[in-house]
Amino acid sequence: MTDDRPTGALVSIGELARSTGLAVRTIRFYCDEGILESRRSAGGHRMFDPGSATERLLLVRRLRAFGLGLDSISGVLHGEWSIAEAIAAERGRIDIEFRSLAWRRASLRAVEAATPAQRAERLALLAAAQDGGAAHDGLVRFWRRILAPVPRRDLDTWLYWNVPEPPADPSVDEVVAYAELAALVVDPELNGAVRQQLWRSRPELIGDPRGLYSDVDDIMTDVVAHVTEGVRPHGGGELDRFVDAHASARGERDCPRFREQLLIDATDTDHRIHRYWALTERLLPTRVTVGRAHHWLYAALARSTDPKATRTG
């Protein structure tokens, strides 16, 4: 059958529905939403250009098949963004949805895997961290408060290396570890313990916190290399630079008395700090975190103030 309709002739909504396979009410809805243009006949009926209307409706149908919403489709049709951009945005939305579902699935499996004695505690732990993105935001906020004096660029680098992203498809162990991290950082006592570990004793005497952070950060780079190579904590080198950085920041100099002051109220052995970094390393198995570097320096500092260790070392 050939279309002997005169060129430029318009078709009714019923004819358009038959040619495209769409329901009349669907085409009417698209018109009302501004997705499809129509003209009015003398009798007030909607009329359409068959070529452009059919092409537009086919495009709408295909985009809908990919799950795009009407707002996205309308944006494509009105030239606000390209098909590729709309598809990429939808793919991004699906990625987020899949990550959310994967997190929930791992959480459910974790509760199932718990022993009866563990189940209530694990249920409470995971219920408080049912959004991996929100849990990550909580970790970031914790460290931004602790490292408030640090320049934004340096802080972002520090966060990238030391704060794990939520796994896209977590295992049971990973989702439990991440939930426990999220629970730890809401403990105000951990906040104080970590501040004490990073800034040491008498932080109010530090004249230039940014400068101290920069000096210690450079030292940490060398300490990480020692940790990676399995070098045991020792005096000299990095330890001397670490002590000197803290002494200079307080207007003092390195001496046995100052080293002992750095150890006053030290929190390096706090079980919560150790647990935090143990969980972090479980989620970042290929990295040496700043937690391990700080522990190396603490051990070296404690050894340098111990007369017995000094004599035998």
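These figures come from a predicted structure and were not determined experimentally. Side chains included, hydrogens not; waters and symmetry mates left out as well; all remaining heavy atoms used.
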All heavy atoms of S74 vs all of I35, minimum pair found to be CB-CG1, 4.5 Å
Near E55 CD, under 6.0 Å, is it more than 12 heavy atoms from other residues, nucleotides or ligands? no
Taking the hydrophobic residues Ile, Leu, Val, Met, Phe, Trp and Tyr, and joining any pair whose side-chain heavy atoms are under 4.5 Å apart, which ones share a cluster with L58? none
If you measure from CD on E85 to CD1 on I87, what distance do you get to the nearest 0.5 Å? 11.5 Å
Counting neighbours of CD on E121 that are heavy atoms of other residues, nucleotides or ligands and sit closer than 6.0 Å, is the number greater than 12? no
Indicate whether the side chain of S41 and that of H45 have a donor and an acceptor atom separated by less than 3.5 Å. no
Residues D95, R91; criterion salt bridge (Lys or Arg N to Asp or Glu O under 4.0 Å); working and verdict: CA-CA 6 Å; D95 286 346; R91 190 260 307 151; 3.1 Å; yes
Point-to-point distance, once rounded to the nearest 0.5 Å, from CD of E180 to CG of L283: 10.5 Å
Test of ring centre spacing under 6.0 Å for W143 and Y160: no
Return the OG1 to CD distance between T305 and Q261, rounded to the nearest 0.5 Å. 12.0 Å
Side-chain (S248) to main-chain (D244) donor-acceptor, under 3.5 angstrom: yes
When you measure from the side chain of E33 to the backbone N and O of Y30, does any donor-acceptor pair fall under 3.5 Å? no
Just by distance, with hydrogens left out, do S107 and Q130 show a side-chain donor and acceptor under 3.5 Å apart? yes
Atom CZ in R259, atom OG in S304: separation rounded to 0.5 Å? 4.5 Å
What heavy-atom pair brings L57 and L16 nearest, and what distance separates the two atoms? CD1-CD2, 3.7 Å
Please check if the number of heavy atoms outside R40 that lie under 6.0 Å from its CZ is greater than 12. yes
V231 and V223: same hydrophobic cluster, using ILVMFWY side-chain contacts below 4.5 Å? no
Hydrophobic cluster membership, with links at side-chain heavy-atom distances under 4.5 Å among I/L/V/M/F/W/Y: are V216 and W158 in one? yes
Check salt bridge (Lys or Arg N to Asp or Glu O under 4.0 Å) between R122 and all other residues, then give those that pass, not counting sequence neighbours. none
Distance under 6.0 Å and angle within 45° of ring axis: R292 vs W277: no
How far does CZ of R62 sit from CD1 of I83, to the nearest 0.5 angstrom? 9.5 Å
Between L68 and I73, the two heavy atoms sitting closest are O-CD1, 3.7 Å
Heavy-atom closest pair, residues E174 and D169: OE1-O, 4.2 Å
Basic-acidic side-chain contact under 4.0 Å: R210, D215: no
What ring pair (Phe, Tyr, Trp, His ring centres under 6.0 Å) pairs are there with at least one residue in residues 165-213, not counting sequence neighbours? W103-Y178
Salt bridge (Lys or Arg N to Asp or Glu O under 4.0 Å) for D173 and R282? Distances and angles first, verdict last. CA-CA 9 Å; D173 287 343; R282 191 181 302 175; 5.8 Å; no
Report yes or no: does W81 contribute a side-chain atom to a donor-acceptor pair with the main-chain N or O of S72 at less than 3.5 Å? yes
Under a 4.5 Å side-chain heavy-atom rule over Ile, Leu, Val, Met, Phe, Trp and Tyr, are L184 and L147 clustered together? yes
Between R250 and H246, is there a donor-acceptor pair closer than 3.5 Å when you use the side chain of the first and the backbone of the second? yes
So, the side chain of R119 versus the backbone of V111: is there a donor-acceptor pair under 3.5 Å, distance only? yes
Do D268 and I273 have side chains that get closer than 4.5 Å, going by heavy atoms? no
Can you list the residues that meet the side chain to side chain donor-acceptor pair (under 3.5 Å) rule with D137, with sequence neighbours excluded? none
Evaluate whether atom CG of D32 has more than 12 neighbouring non-hydrogen atoms of other residues, nucleotides or ligands under 6.0 angstrom away. yes
Testing the 3.5 Å rule here: is there a donor-acceptor pair between the side chains of D218 and T221? no
My understanding is that only residues two or more places apart in sequence, or in another chain, count here; which of them pass side chain to side chain donor-acceptor pair (under 3.5 Å) with R28? none
Check whether E281 reaches the backbone of R287 with its side chain - one donor and one acceptor, N or O, closer than 3.5 Å. no
Between L159 and H136, is a side-chain contact (heavy atoms from CB on, under 4.5 Å) present by the stated rule, with each step listed? CA-CA 11 Å; L159 291 172; H136 178 261; over 6 Å; no
Taking only residues two or more places apart in sequence, or in another chain, which ones meet E252 in a salt bridge (Lys or Arg N to Asp or Glu O under 4.0 Å)? R202, R257
Starting from V11, can I reach V24 by hopping between I/L/V/M/F/W/Y residues whose side chains sit under 4.5 Å apart? yes
Should D131 and R104 count as an ion pair when the cut-off is N to O under 4.0 Å? no
Short side-chain to backbone donor-acceptor contact, T115 and Q118, under 3.5 Å: yes
side-chain hydrogen bond (donor to acceptor under 3.5 Å, both in side chains) for D154 and T157? Distances and angles first, verdict last. CA-CA 5 Å; D154 294 336; T157 301; 5.5 Å; no
Under 6.0 Å between ring centres: does that hold for Y298 and H294? no
Check the side chains of R275 and H271 for a donor-acceptor pair under 3.5 angstrom, ignoring hydrogens and angles. no
Interatomic spacing from CG in L36 to CG in L77 - rounded to 0.5 Å: 9.0 Å
